[in-house]
Amino acid sequence: MAELRLARRSSFLPPTGLMCVLLLVFVSVAAASRDGVSENNETGRDPAGDTRGGSHNQPNSTAHKKAFPVLSFNYEHVRTPFEISLWILLALLMKLGFHIIPSVQNIVPESCLLIGVGLLVGGIIKAIGEEAPVLNTKLFFLYLLPPIILDAGYFLPIRPFTENMGTILVFAVVGTLWNAFFIGGMMYAVCQIEGAQLGRVDLLSCLLFGTIVSAVDPVAVLAVFEEIHINELLHILVFGESLLNDAVTVVLYHLFEEFTHAGTVTVVDAVLGVVCFFVVSLGGILVGAIYGILGAFTSRFTSHTRVIEPLFVFLYSYMAYLSAEVFHLSGIMSLIACGVVMRPYVEANISHKSYTTIKYFLKMWSSVSETLIFIFLGVSTVAGPHAWNWTFVIVTVVLCLVSRVLGVIGLTYIINKFRIVKLTKKDQFIVAYGGLRGAIAFSLGFLLTNNEMKNLFLTAIITVIFFTVIVQGMTIRPLVELLAVKKKKESKGSINEEIHTQFLDHLLTGIEDVCGHYGHHHWKDKLNRFNKAYVKKWLIAGERSTEPQLISFYNKMEMKQAMMLVESGSAAKLPTIMSSVSMQNIQPREPAKRRAIPSISKSREQEIRKILRGNLQKTRQRLRSYSRHDLMIDPFEDNVSEVRFRRQRVEMERRMSHYLTVPANRQETPPVRKVCFEPEHKVYTYDDSKSPRSRTAEPDPSPPDAVSLLNESSQRANQSSEHRAKRNDELRAKVSDEKEEQDQLKLSRCLSDPGPNNEEDLS
Amino acid sequence: MRPDAPRGTAAMGASQTRNEHKYHDLADKSGFSLEQIENLYKRFQQLSDNEETISREQLDSIPSLANNPIKKQIVEAFFDKRNQHHNEVGSCGEIGFEQFLMVMSHFRPPSLKTTEEEKETMRKVKLRFLFNMHDTDNDGIITLVEYRKVVEELLSKSGNIEQEAAKAIADAAMLEVASTNVPHMAPDDFYEGITFEHFEQILKGLEMESRMHIRFLDVDTPTLRCGKSTS
C-alpha cells in the first residue's frame, strides 16, 4: 500500500517539476511582456475608462461603450508577491522531490542538489534571454539569513557551547585572522608573478578578498553537518566557530574596504581596527542581550494573551539583529546572544503550545531560507558577470584548503595544552574539512563596489563555495564513516542523567572549594546562584521563578511522555515502553502497621481483590507495559468515560492543587494531557475536610505514600477500567466499569474515611 | 607526567629529601605530579591548621562550601574508607594527607596518553566514588530511600521544596533504572535497589572520565585562598 503510494508520488514528480519550470518560464515571459504593455497603457489612457490596464484592452475612443469585462487580466497588481511566492513554492517543491527519491539523498547532500536546481533554473532563464534574479545582498542579509541564525541560536546547546567556548573563540578569531592574512598575502604574492596578468590586484584588495573567502559559513555548515549526525563536540566546534567568526569578518571587511579607498594603512588604523573588533563583538552581544532580557520580561506578562507569545520572540530577536546592523555591529552575534539570553526565561513563561509554535516556525523559516539561498546561489552563478582567470581561481581554492588545514593543526596544538579533553587527529581533520564556505562569502563579495576586480573575485568566490559545498559536502559523510568518527548519541532525556549532571556540578564545585581554587565550576555556580536569586525573580512569572531546574526538567519529561502516550494511544499503537516494571516493583514493602483500614472485612477484601485481579489479567494481555508514566488512555475514544473523566478531574482540581503540573497550562491543555499527573488522585475522592490543606503541606498525591496493597490495586483497577473503555466492548465495559467505579469509589471512600489522620501519620 | 620541579623546597629545610621521597611514593600511588602534590599539601596544611590530620569540622567550616546543597555528602566522602581503595569499610574520624590525596585522585582528568582501557578503569573508579556517596549504608545497593535522600539533598538549597517533589523525582528515576536494567518484572517482584552494574549502565552516556575532574594544574600558592574562617 505504501509502495503504491510512493510509486504514484514519484511518477507525479516529473510532471510537477516540469510544471514548475513552465510556470517559471511563464512568469519571465509575462515580465518581458509587461514592459511592452505598460507603454501602450501609458500612451492611450482612457479618461472615462473604469477598466484597468490590460494587454488586450486597446485604448480606443470613448465612442462606443465597452461591454462590461467579465474576466480581465491584471498581472501587475500582484506581480511582486506572486513571483516571490512562486519562487518559494518552487524551492519547496524541489526540496520535497529530493526526499521522495531516497537513493539520491544518501549520496548527495541536499545543499548540492539545491544548487544544482538553481543552476538549472538559471540556465533556463538565461536561455530565454531574461534577467534572472540575483542573490541581492539586502535580500540575503535582511531576510534570508536571520531566520537561520535565530534558529541556530535559539536552540544552541548551551552546555557544550560554554564548555568549549575557549576553543571555539580561538578557532573563530585567531583562525579567521590567520586564514584572511594567509590567503590575502599569498594571493598577492601569486599576483605579482608575471604572466598571470593579475598585476592590477594590489595588496589591500587581496587582503579584502582573503577576508571574504576565509570565513566559515554557518548556513553551509548547518546544511551539511545536520545530515551526518556527528558527535556533539565536533558539531559545536565547527558550528560555534562559524557563528562567532562573523565579528572578525565584519571588522576586517569594513577595515579593508575603507583602506582600499584610502590607499594606505597606518599603525593607528591597525590599532583602531583591533578596538573596532572588540566594539563590534561585545557591542553586538550587548545589544542582543538587552533585547533578550526585554523579550524575557515581556513574556512574563503574556499569560492572558498566549496567542501572540511566539511573535514576541521573533520580533525581539529580529529587532536585535537589525539594531546591531544599524551600528555595523555583528548582527549574527547579536541574534545569537538574544536567543540564548531569552530562552530559559521565555520557556519558563510561555505555554506549551507557544513553545511548539516557536520551534516549528523557526524550523520552517530556516528551512525555507536555506533552500532559497542555495537555489539563488545556483541562479546567481549562471547569471552573474564572470571574469574567469584560471590561475586566480585555482590558487584560491588550493590556498583555502591549505590555510584551513594549517590553521587548524597549529591552533589545535596550542589549544590542546589548555584542554582537558584533547582534540585528536581525527577531530582535527573533521574540523578542518568541515570549514565550508557559503552564501555569506558570496553576498559580501557582491557588496563590493563595482570595479573590474569584483567580477574576478566573485568568480573565485563562487568556485570556492561550489568546491567546498559540493566536493567537501559530498565526501564528508563517507569520510566520517571511514574514520569511524563518533556519532551523535541518541539520548532520550533521562532523569537519572539529569540528576547526576546536577550532582556532579555541585560535587565538582565542592571539591574545588575544598582545594581552595576558584575554577570553572566555582564561577558557574556563582552565576547560577545570581541567576536564581535575582534574575529569575524579575523575568519569570509566578511560582515558576523559584522552581529548581531538576523539577522543571522532570515536568518537561512527564509532559513529553504523556503526550507521546496520547499520540500513540490515539493511533491505537502500543506504547514503546515495553517494560512491565511499575511503581509497586520498586516500592519498599511497608510494614503491616500502615494498613490501617479497619472498615473492610477480610472477605470483602478478597472479593475486591478477585475482581481487580480479574480485570488486571485482561488488561495485561493487551498492554504489557505498566509503568507509572505509562498512563492512561485516550478518553476521546469513549465519550462516556471522557465525561466521567472530566468530571472527576474538575473535582480533583477544585479540591487539590497539584504542584507538579506546569501551572499556566492548566486552562488550556486538553483533558487527556493532564492525565499523567492525576492518576494517583483518581483513586482518592477526598472529603472536603482535606481541602483546606495548604499547598506546601501537600503530602498525599502519590499513592506510594498511602501505601497499602489495596490502594495500589485500586490504582491498577482505575487504569484497567480506563483500558477497558478503550476497547469497543462498550456494553460490557460500561457495566463492569460501573461496577468497578462503584467498588472503587467504595474503596476510596473507605480509605478516605480514616484518611486525614492516617495520611498525616504516613507523611 | 610533568617533569620533576618541586618549587619552594628551600623553605622546607632539612626534611626536604624525606618529603621528596614521601612525595614520590604518593605520586606513584595517586597519580599526581610532584608539583600538584606540593600544592595540595599546602592546601592540606591550611585546612588542618598545620596539623597532621583534618577533622570533619575543619572541612565543614570552609565558607564557600556553605552554599553547596550536598556539602554533607562531600565532606563525608573524604572520611569514607571505601574511597581509600584498601577494601575497608566504615569511616574515619580524621584523615591524613595520604587519604586526602587518595580522595582527590578521583578527580584527575585523563591525559592524551591514556589508553582506552585506562579510561575504562578510570570511569569505573569515578563511578564507584559516586556510588559510594549515594550508598550510605554500604550494602552495595542504592535503595529507594537512599536515592530519595540524594534528590532531597540536591533540592535542599532551592527554596522550600515540598517533600513530594523530591519523592516523585526519585521514584521516577528509580523506575527508569529498573525499566532499563530489568525490563520484565512480574508485579510481585521487588526491585531491591540500584546495584553498581545498573548504576554504570544508567550513567554510561555521561562519559564520567571526561566530566568528573577539576583542574589541578592551576592550584598554586598565590591563588590559594584561605577557605577557612579565622574563628
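Being a predicted model, the structure only gives us computed values, none of them experimental.
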| query | Does any non-hydrogen side-chain atom of Arg43(B) lie less than 4.5 Å from one of Val514(A)? | reply | no
| message | For Lys524(A), I'd like to know if atom NZ has over 12 heavy atoms of other residues, nucleotides or ligands within 6.0 Å. | response | yes
| Atom group of Leu504(A) that falls short of 4.5 Å from chain B, counting heavy atoms | side chain
| message | Check whether Asp513(A) reaches the backbone of Ile62(B) with its side chain - one donor and one acceptor, N or O, closer than 3.5 Å. | response | no
| Contact class of His213(B) relative to chain A, heavy atoms under 4.5 angstrom | both
| query | For the side chain of Glu176(B) and the backbone of Ile495(A), is there at least one donor-acceptor N/O pair under 3.5 Å apart? | reply | yes
| task | Output the option from Gln73(B), Met133(B), His134(B) having the highest count of non-hydrogen pairs under 4.5 Å with chain A. | result | His134(B)
| said: I need the Glu163(A) CD to Arg211(B) CZ distance, nearest 0.5 Å. | reply: 6.0 Å
| query | Can you check whether Tyr147(B) reaches Asn496(A) side chain to side chain, under 4.5 Å on heavy atoms? | reply | yes
| Atom group of Leu203(B) that falls short of 4.5 Å from chain A, counting heavy atoms | side chain
| message | For a quick test of reading the model, state the closest non-hydrogen atom pair linking Ile499(A) to Ile169(B) and the distance between them. | response | CD1-CG2, 4.0 Å
| query | Within a reach of under 6.0 Å around NZ of Lys526(A), are more than 12 heavy atoms found that belong to other residues, nucleotides or ligands? | reply | yes
| Point-to-point distance, once rounded to the nearest 0.5 Å, from CD of Glu512(A) to CZ of Phe107(B) | 10.5 Å
| message | Show the nearest heavy-atom pair for residues Cys515(A) and Leu40(B), with the distance to one decimal. | response | SG-CD2, 3.9 Å
| Heavy atoms from other residues, nucleotides or ligands near CD of Glu146(B) exceed 12 (cutoff 6.0 Å) | yes
| Leading residue by heavy atom contact count with chain A [cutoff under 4.5 Å; candidates Val151(B), Ile74(B), Leu59(B), Leu130(B)] | Ile74(B)
| request: Side chain from CB out, backbone as N, CA, C, O: work out which of these in Val177(B) comes under 4.5 Å of a heavy atom of chain A, or both, or neither. | output: both
| field | Between CG on residue Leu507(A) and NZ on residue Lys126(B), distance to nearest 0.5 Å | value | 10.5 Å
| task | To the nearest 0.5 angstrom, please state how far the CG atom of Asn67(B) sits from the CZ atom of Arg529(A). | result | 4.0 Å
